[in-house]
Protein chains: 2
Amino acid sequence: METPIKREATCEQELAAIRDSLEILGGKWKLRIMRYLNNHIDEKNTFKKIQREVEGISAKMLSKELRELEINLLVTRTVMETRPVTVNYAMTEYGLSVFPVTETLVDWGLNHREKIK
Amino acid sequence: METPIKREATCEQELAAIRDSLEILGGKWKLRIMRYLNNHIDEKNTFKKIQREVEGISAKMLSKELRELEINLLVTRTVMETRPVTVNYAMTEYGLSVFPVTETLVDWGLNHREKIK
DNA sequence: GTTATCGGTTAACTAATGGTTACCGGTTAC
DNA sequence: GTAACCGGTAACCATTAGTTAACCGATAAC
């Protein structure tokens with residue numbers, strides 16, 4: 001993971017940065033998949049395993065989301081010569097940079113559940 | 001803003017927390033609106049002013065998003081007895097808790113723009 | 001009287017998201 | 001032989017998200 005660099009930005013630049021982030025990480029599933037991979041970084045993460053653990057995602061969506069994450073260099077896809085053939089998905093070094101984002105969302109979500117209880 | 005509380009959660013609970021967060025903060029506009037309000041916390045933020053500064057949002061979307069943020073107690077809506085009548089939107093105390101989320105997204109977006117350059 | 005601003009609403013529309021079902025070839029376990 | 005698991009894809013459909021344009025009453029400026 002990289003050293004966080006403090007930046008200065010105008011409000012306009014900040015809003016544009018949020019837009020950029022959401023273009024790549026937005027939607028219902030991508031951050032959940034990234035968090036799952038982050039939590040299982042030393043394991044083999046096959047398609048089916050991810051699908052079982054990211055609750056509710058369909059094969060179609062998982063396939064699409066993983067492809068998009070791969071295009072943006074956040075995830076790698078490796079076909080393993082096992083029998084039957086399995087496919088391993090893993091976070092890239094760059095993918096690790098998403099961790100703080102998922103972390104704040106986890107914190108907020110847990111806190112919110114407490115709050116509305 | 002509240003003191004961050006360290007929590008322990010299983011991966012499953014973490015993914016559920018992300019789902020919860022995205023249900024309330026997800027979509028194209030909510031986090032941008034929240035960031036804008038956070039950056040202008042001591043000012044009067046009228047409907048039109050927000051619409052001008054959150055670039056690209058239509059009146060319909062802004063109206064809808066503000067209503068949802070209000071329902072979730074993140075924003076207040078106050079009709080001001082000016083002439084013409086203006087409406088002021090402001091972050092609640094609870095709304096401030098969203099700051100870390102927007103902060104990590106701003107950082108990630110700025111960093112990403114550097115990276116792909 | 002005309003135009004503009006304020007804070008929206010409404011209707012009509014398109015684009016994006018996401019779900020469901022069925023199916024593919026190959027492999028293994030029974 | 002049959003069923004199940006692996007990693008998907010294809011077709012179809014429904015829902016949601018989001019856009020555009022027109023319009024509202026009230027007020028104010030010219």
Side-chain angles (χ1 to χ4, degrees), chain A residues 15-16 18-34 36-37 40 43-72 75-91, chain B residues 15-16 18-37 40 43-72 75-91 105:
Chain A
L15 299 192
I18 293 176
R19 171 175 41 70
D20 293 346
S21 295
L22 293 182
E23 250 165 49
I24 293 171
L25 303 173
K28 193 170 172 180
W29 300 110
K30 290 206 184 67
L31 287 169
R32 280 201 255 177
I33 294 167
M34 291 300 284
Y36 170 76
L37 291 176
H40 297 79
E43 303 169 31
K44 293 277 168 252
N45 295 301
T46 64
F47 187 89
K48 284 288 193 232
K49 189 177 166 203
I50 300 172
Q51 197 186 355
R52 271 191 303 267
E53 305 223 25
V54 178
E55 244 187 72
I57 195 167
S58 66
K60 173 189 162 185
M61 286 307 296
L62 181 55
S63 170
K64 180 186 152 232
E65 302 289 74
L66 285 170
R67 212 179 307 129
E68 291 172 6
L69 291 171
E70 199 193 349
I71 286 167
N72 286 306
V75 157
T76 56
R77 178 183 190 274
T78 314
V79 178
M80 312 294 280
E81 292 308 328
T82 53
R83 259 166 283 155
V85 167
T86 55
V87 177
N88 189 42
Y89 292 92
M91 299 201 62
Chain B
L15 299 191
I18 292 177
R19 171 176 41 71
D20 292 346
S21 295
L22 294 182
E23 249 166 49
I24 292 171
L25 303 173
K28 191 170 175 180
W29 299 109
K30 290 204 184 72
L31 287 169
R32 280 200 255 178
I33 294 167
M34 290 301 283
R35 183 67 177 198
Y36 170 77
L37 290 177
H40 297 81
E43 303 169 30
K44 293 275 169 255
N45 295 300
T46 64
F47 186 89
K48 282 287 193 237
K49 189 177 169 207
I50 299 173
Q51 195 185 357
R52 271 191 302 267
E53 306 222 25
V54 178
E55 244 187 73
I57 196 168
S58 65
K60 175 189 160 185
M61 286 307 296
L62 181 55
S63 170
K64 180 185 151 233
E65 301 290 74
L66 286 170
R67 213 177 307 131
E68 291 172 6
L69 291 172
E70 198 192 351
I71 287 168
N72 285 306
V75 158
T76 55
R77 178 182 190 275
T78 314
V79 178
M80 311 293 281
E81 293 306 329
T82 53
R83 259 166 280 155
V85 166
T86 55
V87 178
N88 189 42
Y89 292 92
M91 298 201 63
L105 281 170

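Proteins get letters first, then strands, A, B, ... in listed order; numbering begins at 1 in each.
- For A/Y36, the ring pair (Phe, Tyr, Trp, His ring centres under 6.0 Å) partners are A/H40, not counting sequence neighbours.
- The interatomic distance linking B/R77 (CZ) with C/dG7 (P) rounds to 9 Å, in whole Å.
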Contacts under 3.5 angstrom, residues 75-82 of chain A side chains, donor-acceptor by atom type, not counting sequence neighbours:
| residue | atom | partner | partner atom | Å |
| --- | --- | --- | --- | --- |
| A/T76 | OG1 | A/A90 | O | 3.4 |
| A/R77 | NE | A/Y89 | OH | 3.3 |
| A/T82 | OG1 | A/P84 | O | 2.9 |
| A/T82 | OG1 | A/T86 | N | 3.2 |
| A/T82 | OG1 | A/T86 | OG1 | 3.0 |

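- A/T46 comes within contact range of the sugar-phosphate backbone alone, with a heavy-atom separation under 4.0 Å but no base atom that close.
- Pairing each heavy atom of B/L22 with each of A/G27, the nearest pair is CD1-O, 3.7 Å.
- Rounded to an integer number of Å, the gap from B/I50 CD1 to C/dT5 P is 18 Å.
- Within the model, atoms CZ of A/R67 and CG of A/L62 stand 10.0 Å from one another, a figure rounded to the nearest 0.5 Å.
- Contact check, B/R52 against C/dT5: no side-chain N or O comes under 4.0 Å of OP1 or OP2.
- Here the side chain of A/N45 pairs no donor or acceptor atom with the backbone of A/N88 at under 3.5 angstrom.
- Scanning DNA chain D 5' to 3' for nucleotides with an atom closer than 4.0 angstrom to a non-hydrogen atom of chain A gives a first and last hit of D/dC6 to D/dC12.
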Considering only nitrogen or oxygen atoms on both sides, find all protein atoms under 3.5 Å from nucleotides 11-18 of chain C and state each distance.
| residue | atom | partner | partner atom | Å |
| --- | --- | --- | --- | --- |
| C/dA12 | N6 | B/K60 | NZ | 3.4 |
| C/dG18 | OP1 | A/K28 | N | 3.2 |
| C/dG18 | N7 | A/K60 | NZ | 3.4 |
| C/dG18 | O6 | A/K60 | NZ | 3.4 |

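- Rounding to the nearest 0.5 Å places CD1 of B/I33 at 5.0 Å from CG of B/L66.
- Of all heavy-atom pairs spanning B/L25 and B/K30, the tightest one is O-CB, 3.7 Å.
- In terms of heavy atoms, B/R32 sits closest to B/K28 at NE-O, 3.4 Å.
- Residue pairs satisfying the salt bridge (Lys or Arg N to Asp or Glu O under 4.0 Å) criterion with at least one member in residues 46-59 of chain A, sequence neighbours excluded, are listed as follows: A/E43-A/K49.
- C/dT5 atom P lies 17 Å from atom NZ of B/K49, rounded to whole Å.
- Inter-residue side-chain proximity for A/L15 and B/R35 is flagged as met; some heavy-atom pair is nearer than 4.5 Å.
- One can place CG of A/L62 at 16 Å from C1' of C/dT20, the figure rounded to the nearest angstrom.
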key: Contact pattern, 5' to 3', of nucleotides 24-30 of chain C - B, S or - by protein heavy atom under 4.0 Å   = ---SS--
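- Side-chain atoms of A/L69 and A/L37, non-hydrogen and from C-beta on, never get closer than 4.5 Å to each other.
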